[in-house]
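Notes for the one structure printed next.
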Amino acid sequence: MVFGFVTKKALIRWENRPCYLQNFQFYERHSAVIKTTSPEKILPIIADYDIQQDSVIKTLMAVRQLPQKLGRAGSKSIINTFGLHSFTLLKKSATELCYGLRGAFWRADFGLEAVPDLDSYCAALLPGRAKLLLRYQVQPLAPDKHLLCTETFICCSDRATEIKMAAYWLAIRVGSGWIRKRTLQTVKLKLENADPHETAAH
């Protein structure tokens with residue numbers, strides 16, 4: 001797999017594919033080891049995290065939404081701030097969170113579809129559309145050490161859509177990865193700094 005492009009051969013051998021998105025052409029993964037005696041707090045922090053609190057992430061998202069703002073110059077239309085609230089919660093457990101999104105992500109306005117529930121997300125894609133699944137998983141490494149992993153999976157409806165998505169993917173992949181890494185680091189620092197056991201250890 002190069003630059004997050006998933007081949008059909010790689011997909012066949014893929015382990016731990018998300019049940020809500022078995023086929024995909026794009027993939028990104030980032031992780032962080034968190035030292036904490038309260039692993040049950042990790043995913044709730046993710047679920048409640050507001051990316052607008054991070055000045056770097058806020059700037060990156062503002063740059064991404066610039067074409068949309070320029071396209072609506074002089075218009076009274078409201079530009080919605082993109083974030084985790086734009087996604088549909090697909091799964092929530094003690095060790096996993098899954099969020100779904102459907103649209104034409106390369107468009108200035110993201111081309112988002114209304115996805116009120118899991119059935120809507122799992123419905124077949126129309127031509128020119130794509131699905132994105134964002135998954136967070138927590139895995140124990142030791143009694144006081146856990147791995148938090150974030151993965152992004154994207155499936156396109158057809159070859160023409162895949163080509164559009166590929167160009168967009170190459171343009172935003174580094175910035176998107178940076179956002180994921182900063183999110184993980186924020187969760188890591190918040191838990192490790194708040195954990196009396198870890199604070200004493202340091």
Side-chain angles (χ1 to χ4, degrees), residues 1-32 43 46 51 57 60-61 63-68 80 82-93 95-139 147-184:
M1 185 176 63
V2 180
F3 298 117
F5 293 93
V6 181
T7 64
K8 292 181 179 179
K9 184 177 180 179
L11 189 60
I12 292 174
R13 299 179 301 192
W14 202 282
E15 296 182 2
N16 196 25
R17 278 190 276 179
C19 59
Y20 307 122
L21 196 65
Q22 289 285 295
N23 298 308
F24 46 90
Q25 297 88 30
F26 304 90
Y27 174 77
E28 185 80 4
R29 179 184 185 277
H30 300 282
S31 63
L43 292 182
I46 288 289
I51 61 174
I57 295 179
L60 289 172
M61 293 306 301
V63 171
R64 168 59 184 86
Q65 290 183 295
L66 188 59
Q68 183 183 4
N80 295 321
F82 184 80
L84 197 56
H85 64 274
S86 305
F87 290 70
T88 299
L89 179 62
L90 305 178
K91 180 179 180 180
K92 181 180 181 181
S93 72
T95 59
E96 185 174 334
L97 281 175
C98 286
Y99 295 93
L101 197 68
R102 293 171 57 117
F105 311 127
W106 50 91
R107 284 173 33 179
D109 62 355
F110 300 99
L112 298 183
E113 298 180 12
V115 186
D117 51 36
L118 177 59
D119 288 341
S120 299
Y121 176 79
C122 292
L125 285 167
L126 294 173
R129 293 283 163 167
K131 285 184 190 181
L132 183 152
L133 188 140
L134 178 60
R135 180 169 70 181
Y136 293 95
Q137 289 184 321
V138 176
Q139 302 171 7
L147 180 70
L148 172 60
C149 177
T150 175
E151 298 170 285
T152 301
F153 306 81
I154 300 176
C155 172
C156 296
S157 58
D158 50 66
R159 182 58 179 169
T161 303
E162 189 176 338
I163 292 173
K164 292 179 182 178
M165 185 64 219
Y168 177 66
W169 180 255
L170 290 174
I172 61 94
R173 183 170 175 261
V174 173
S176 177
W178 197 4
I179 290 174
R180 300 282 180 258
K181 291 176 182 177
R182 287 186 69 88
T183 300
L184 295 178

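If you're wondering where the values come from, they're calculated on a predicted model, not measured in any experiment.
The backbone N or O of Gln22 sits less than 3.5 Å from a side-chain atom of Arg17, completing a donor-acceptor pair. Between the Arg102 side chain and the Ser120 main chain, a donor and an acceptor come within less than 3.5 Å of each other. A donor-acceptor pair under 3.5 Å links the side-chain atoms of Gln25 to the main chain of Cys156, judged by distance alone. Under the 3.5 Å distance criterion, the side-chain polar atoms of Thr150 are left unmatched by any main-chain donor or acceptor of His30. Looking at Lys131, its side chain does come within 3.5 Å of a backbone N or O of Tyr121 through a donor-acceptor pair. In this structure a side-chain-to-backbone donor-acceptor pair under 3.5 Å is present from Arg129 to Gly111. A distance-only check finds no donor-acceptor pair linking the side chain of Thr88 to the backbone of Pro116 [under 3.5 Å].
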**Prompt:** Checking side chain to side chain contact (heavy atoms under 4.5 Å, CB included) for the pair Phe5/Leu170: CA distance, chi angles, key distance, verdict?
**Reply:** CA-CA 10 Å; Phe5 293 93; Leu170 290 174; 3.7 Å; yes
**Message:** Between Leu101 and Val115, is the side chain to side chain contact (heavy atoms under 4.5 Å, CB included) condition met? List the steps.
**Reply:** CA-CA 7 Å; Leu101 197 68; Val115 186; over 6 Å; no
**Message:** Using side chain to side chain contact (heavy atoms under 4.5 Å, CB included), reason through Leu21 and Leu132 one step at a time and then give a plain yes or no.
**Reply:** CA-CA 8 Å; Leu21 196 65; Leu132 183 152; over 6 Å; no
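Pro18 is listed as a side-chain neighbour of Phe24, based on a closest heavy-atom distance under 4.5 Å.
Put simply, OG1 on Thr161 and CZ on Arg159 are 11.0 Å apart, with the number rounded to the nearest 0.5 Å. Atom CZ of Arg180 is separated from atom SG of Cys149 by 11.5 Å, given to the nearest 0.5 angstrom. Summarising the geometry, atom CD belonging to Glu151 is positioned 9.0 Å from atom SG belonging to Cys98; distances are rounded to the nearest 0.5 Å. A distance of 8.5 Å separates SG of Cys19 from CZ of Arg135, quoted to the nearest 0.5 Å. Taken to the nearest 0.5 Å, the CG atom of Asp117 stands 11.5 Å off from the CG atom of Leu89. Rounding to the nearest 0.5 Å gives a distance of 12.5 Å between CG of Leu97 and CZ of Phe87.
Below 30°, between 30° and 60°, or above 60°: for Phe26 and Trp169 the angle between ring planes is between 30° and 60°, a tilted geometry.
Minimum heavy-atom separation, Ala130 to Ile154: CB-CG2, 4.4 Å. Of all heavy-atom pairs between Ser157 and Leu125, the closest is CB-CB, 3.8 Å. Counting all heavy atoms, side chain and backbone alike, Leu43 lies closest to Leu148 at CD2-CD1, 4.3 Å.
Close placement of the Tyr27 and Phe153 rings is indicated, their centers lying within 6.0 Å of each other.
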